[in-house]
Amino acid sequence: MTFDAEDVEEDMEDHNDPLVLTLPVAGCNVKKILTDGGSSINVLFYDTYKRMEMNDDQLMSSYYTIYGFNGAPTKPLGDIVLQVKAGPIKVDTRFSVVDVPSPYNTIIGEDGCTNSKD
């Protein structure tokens, strides 16, 4: 998703509001998806994961630590690849599942949805 000068209306002021979307993820309509161009990974929060009725045995092992949540290191519970649909485009997207509080349900990072699959 991109925006350019043609998308700006005359009466719009400069702003830095976050871009928050609702998209189908693994067949579930997920609200409050934060797009964060500064994030190098995609994050799915564990409470959302459970509400999607996903099982912990579906998680793949992850051997890394994420930095940035509350300034503390966070070890993911695991990774999972889920299909994200944006209009007619379907993308298999790898998410790191973390068990930390967040006002968002997921964060789509810099490389978010790059592996297209129709």
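Below, all heavy atoms of this structure are taken into account, side chains as well, without hydrogens, waters or symmetry copies. All values derive from a computational prediction rather than experimental measurement.
Remark: Lys32 engages no residue in a salt bridge (charged side-chain N to carboxylate O under 4.0 Å, His left out) (not counting sequence neighbours). Listed by chain and number, the residues in a side chain to side chain donor-acceptor pair (under 3.5 Å) with Tyr46 are Asp56 (sequence neighbours excluded). Asn55 is linked by a side-chain contact (heavy atoms from CB on, under 4.5 Å) to Asp57, Gln58, counting only residues two or more places apart in sequence or in another chain. The salt bridge (charged side-chain N to carboxylate O under 4.0 Å, His left out) check on Asp47 picks up Arg51, with sequence neighbours excluded. Applying the side-chain contact (heavy atoms from CB on, under 4.5 Å) test to Thr65 and every residue at least two apart in sequence or in another chain returns Tyr67, Pro73.
Between Phe45 and Asn105 there is no side-chain heavy-atom pair separated by less than 4.5 Å. By the 4.5 Å heavy-atom criterion applied to side chains, Thr48 and Tyr104 are not counted as neighbours. Residues Leu44 and Val30 fail the side-chain proximity criterion, which asks for heavy atoms closer than 4.5 Å. In this structure, Thr22 and Asn29 have side chains that are in contact, with non-hydrogen atoms separated by less than 4.5 Å. Two residues are said to be in side-chain contact when any heavy atoms from C-beta on lie closer than 4.5 Å; Val25 and Ile33 meet this criterion.
Closest approach of Ile80 to Val97, counting heavy atoms only: CG2-CG2, 4.0 Å.
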Run the side chain to side chain contact (heavy atoms under 4.5 Å, CB included) test on Tyr49 and Leu77 for me, step by step, so that the C-alpha distance in whole Å, both residues' side-chain angles and the decisive distance to 0.1 Å come before the verdict.
CA-CA 11 Å; Tyr49 181 79; Leu77 300 174; over 6 Å; no
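Within the structure, every pair that satisfies the salt bridge (Lys or Arg N to Asp or Glu O under 4.0 Å) test and touches residues 75-87, not counting sequence neighbours, is listed here: Asp79-Arg94.
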